[in-house]
Engineer: 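Before anything else, here's the structure in question.
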Amino acid sequence: MERLMSGDFDVKAKHSSEEALQKWRKLCGVVKNPKRRFRFTANLSKRYEAAAMRKTNQEKLRIAVLVSKAAFQFIQGVSPSDYNVPAEVKAAGFDICADELGSIVEGHDVKKLKIHGGVTGVSEKLCTSIVDGLTTTDSDLLNRRQEIYGINKFAESQPRSFWIFVWEALQDMTLMILGVCAFVSLIVGIATEGWLEGAHDGLGIVASILLVVFVTAISDYRQSLQFRDLDTEKKKIIIQVTRNGFRQKLSIYDLLPGDIVHLAIGDQVPADGLFVSGFSVLIDESSLPGESEPVMVNSENPFMLSGTKVQDGSCKMMIATVGMRTQWGKLMATLSEGGDDETPLQVKLNGVATIIGKIGLFFAVVTFAVLVQGLFSHKWQAGTYFRWSGDDALEILEYFAIAVTIVVVAVPEGLPLAVTLSLAFAMKKMMNDKALVRHLAACETMGSATTICSDKTGTLTTNHMTVVKSCICMEVKVVDQPTKAAKLVKLLLQSIFNNTGGEVVVNKDGKREILGTPTETALLEFGLSLGGDFQAERQAVKLVKVEPFNSTKKRMGVINSNGDIVPLDEESINLLKVTIDQFANEALRTLCIAYMELEGGFSPENPMPVSGYTCIGIVGIKDPVRPGVKESVALCRSAGITVRMVTGDNINTAKAIARECGILTDDGIAIEGPDFREKSLEELLQLVPKIQVMARSSPLDKHTLVKHLRTTFGEVVAVTGDGTNDAPALHEADIGLAMGIAGTEVAKESADVIILDDNFSTIVTVAKWGRSVYINIQKFVQFQLTVNVVALIVNFSSACLTGSAPLTAVQLLWVNMIMDTLGALAHATEPPNDELMKRSPVGRKGNFISSVMWRNILGQSLYQFMVIWHLQAKGKSLFSLDGPDSDLVLNTLIFNSFVFCQIFNEISSREMEEIDVFKGILDNYVFVAVIGGTVLSQIIIVEFLGTFANTAPLSFAQWFLSVFIGFLGMPIAAGLKKIPV
């Protein structure tokens, strides 16, 4: 089976080629219900539309940018504007309309902007302040603002109602054919036998079809609601905004024109707007105008477009247009309809369904031919070859219905959908465990992970940083001790409070609040503890240039227009190095604070110096290891998953933390990024498998390590990342894990899973859920293929040897529902257990339908077939059945035994190798409800719906034997598990 599917039904978990996605679709010829089967696969035609729209938009924007640049060069004076404010805008209290704002920003119209008085003029016309932001105390003004300019939400497709899912379930070709059969059966039956007697068969099929349709629709509708909830979570982005004079966090959906938004490296621009102030701002506009080079945004080029990314720098921007008035909003409306790529398991199981479907179709045609040939032979022998009655027509119709129902049962249409059901359930539960899955495939791929490359800060540690030690004037001190270097405090505070991306603000409650990254927060707290005044220091100097920190430069710098000189003796360098090592060995993050006196001034266009600085001091920042990390690392090791730490910190700090977490062992290697870069390919082949810690690493080092692990060593790699520069590694990895708290929007967009609490233990939970998804789908496949094989062989062999089929169309439809929708529901909702993390990972090359599964499928199928066949051959004598109803009672007994075989096999399939299949069964209430509901329904069908289901009530002995035959499959299943494969 794996060989048949390899190549044709093989796609990657990430970045599959369009050719591969098209190829498997073309091979799926035998599909009962394309609408349902391909519901959770990518809509390639919609993607083409989105690509064409994006290309058109890029061309429009590129032309607008070129025109604005040309216009800017020729603007000498600005003529008065002929713009008239619409009456409704004027009445609402504003002096500029949304269309005018859109034409300024989207069209990069410098001339119009200047006519309106620049950014300050536009802010006044929007009734906002570029310092204090919007005032939201006046609710009437806020409502009028929303009415005039709209809200920052994109148009979404309407949620599908339950009845659409009912309609799609009815699109099943086999059910439609059976519906026609039922209609013909009703007409012929009523015409020949009257209403009461003649309508039974037809109404039985109709009732079965409706039951299948509604159960399927309910299941699919619940899935759609789960995916919709997850989609809503994916789109939640929180951003820093100034409103009412206070800095606060706000959802991007609450932004309005006039809002002042604070942006930093890695942030996504939340709406179209205008640059207010900032330094060194580079914007990646490749998502919209398609510019490959980043664009510098400043007061001369202040236009910022929604959906673009901040590649460097930080700034304040004023929102101009929101929602569907932005180009990004128009593009997103089309992009969202393309859907996610299908997962490898979905494609693989589509392959299984297609292959078995073709086999089932062949057997169905042969079965129909054999049954019809038997009827013709009987009529030939009876001499009634040329005399046909309504009963004969009904018999042929029943044969045809049986053949169609064999296709219904034989084509495992539920296999690909079981993947989606299991993934939807897992994604919902993972959300509760603080992991947001952005791509379906990540769930199943994480179950195969063999390596996790984890960041240190915030993932293995708490990310609650505090300066605990400092070395100033060659004197190492614990921070709570008073410093004698009073004359240095002024210079130190100036360095800390100016050279930061953080802020000290007063919140709405009047309390002091520190904003910024954990490192910035720790330094600002240190500055405040020294008696510093953040606002006073910031107002005392003028910043000429700011070069924000990023993981490539590993430094941040500002240029001040004043400062004092305090020299540092060069003989102390060795002492400083010893101090750095001492701090690092105590697992402290070390930072050097330095300055340089620039004589002769400084131009903002010039690059900042990289050497020649005078050291003010060194600080040691404590970031404790998260509780439970050591246990989680040990759990990964027992599960065959190697954990590697990749960090930008000092190697001694990294080693100290890695040992504390249990990552660095005696036979492991810790290496620095610069050394790793210089290794030859031959050296890397020996080195990479042993690397447990990589310190002082750049994003490129992380990317190189991941690439080698994946391609050279065949590992399935999960990688964590939080910065903009981590995006290539997250993209390269099999599973990219972005941090929800510390992570930038660029990192989150490149990731497959967002770890909402930034905790390493959550990553281990994701791995456990990934394994659970994989195993649950394997269980369901094992269960369903067993039913497929037995139902197919029983009806085919019976038709060939006896000229009749023991299982009728209605009965087969009921069996199909047990094994398809209900079976998927029972197995897909099985929660993970700790035993999953005691197995070796599947890895990259493991077969999905394993030898263990084939052993269980074939062994169980053989038992069921032998029992059913024996009942068919010897059942009448065994139970002393005679009289006109003997065939009906025997067929009911066969049907009942067959159903109970499936019920007990469903329980046996909970474990593919373990004997104890009842462990934890009560924890899965869905499984218990499915089994209980199936047993109750079976009793009702046999005892009370005989007229419609072609069954007869059974005696206690017959019921006991039916249940016992089914139960006997469990010890047989246990015995099969003892057979080594």
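Nothing fancy with the numbering, it's 1 onward along the sequence. Just so it is clear, the model here is predicted, and its values are computed rather than measured.
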Engineer: When rounded to the nearest 0.5 angstrom, what is the spacing between OG1 in Thr744 and CG in Asp722?
Structural biologist: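 Atom-to-atom, Thr744:OG1 and Asp722:CG are 7.5 Å apart.
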Engineer: Determine whether the side chains of Ser698 and Asp701 contain a donor N or O and an acceptor N or O closer than 3.5 Å.
Structural biologist: yes
Engineer: Quick one: pull up NZ in Lys702 and OG1 in Thr647 and give me the separation to the nearest 0.5 Å.
Structural biologist: 9.0 Å
Engineer: Could you name each residue pair satisfying salt bridge (charged side-chain N to carboxylate O under 4.0 Å, His left out) that touches residues 84-98, not counting sequence neighbours?
Structural biologist: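 Checked against salt bridge (charged side-chain N to carboxylate O under 4.0 Å, His left out) - neighbours excluded - the pairs reaching residues 84-98 are Lys90-Asp95.
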Engineer: Testing the basics here: between Tyr149 and Phe94, what is the closest heavy-atom pair and its distance to 0.1 Å?
Structural biologist: OH-CB, 3.3 Å
Engineer: When rounded to the nearest 0.5 angstrom, what distance separates CG in Asn499 from OH in Tyr595?
Structural biologist: 14.5 Å
Engineer: Scan side-chain atoms only and decide if Ser314 and His262 contain a donor-acceptor pair under the 3.5 Å cut-off.
Structural biologist: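 There is no such pair (donor and acceptor under 3.5 Å, judged by atom type) between the side chains of Ser314 and His262.
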Engineer: Check the pair Lys309 / Glu745 against salt bridge (charged side-chain N to carboxylate O under 4.0 Å, His left out), numbers first and verdict last.
Structural biologist: CA-CA 8 Å; Lys309 314 290 190 309; Glu745 286 308 314; over 6 Å; no
Engineer: Please examine the side chains of Thr500 and Leu523, heavy atoms only from C-beta on, and report whether any two atoms are closer than 4.5 Å.
Structural biologist: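 No; the side chains remain at least 4.5 Å from each other.
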Engineer: Rounded to the nearest 0.5 Å, how far apart are CD of Glu749 and CD of Gln268?
Structural biologist: 5.5 Å
Engineer: By the salt bridge (charged side-chain N to carboxylate O under 4.0 Å, His left out) test, which pairs, at least two apart or in different chains, include something from residues 256-268?
Structural biologist: Arg243-Asp259
Engineer: Going by the angle between their ring planes, with limits at 30° and 60°, are Phe303 and His108 parallel, tilted or perpendicular?
Structural biologist: tilted
Engineer: For residues Leu274 and Val119, report the shortest heavy-atom separation together with the two atoms involved.
Structural biologist: CB-CG2, 4.1 Å
Engineer: Which heavy-atom pair separates Pro257 from Gly150 by the least distance, and what is that distance?
Structural biologist: CD-O, 4.4 Å
Engineer: CD1/Ile239 to CG/Asp254 distance, rounded to the nearest 0.5 angstrom?
Structural biologist: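 If we round to the nearest 0.5 Å, Ile239:CD1 and Asp254:CG are 12.0 Å apart.
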Engineer: What pairs with Arg145 under side chain to side chain donor-acceptor pair (under 3.5 Å), at least two apart in sequence or on another chain?
Structural biologist: none
Engineer: Side chains of Leu250 and Leu255: closer than 4.5 Å at any heavy-atom pair?
Structural biologist: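 Yes - at least one pair of side-chain heavy atoms lies under 4.5 Å apart.
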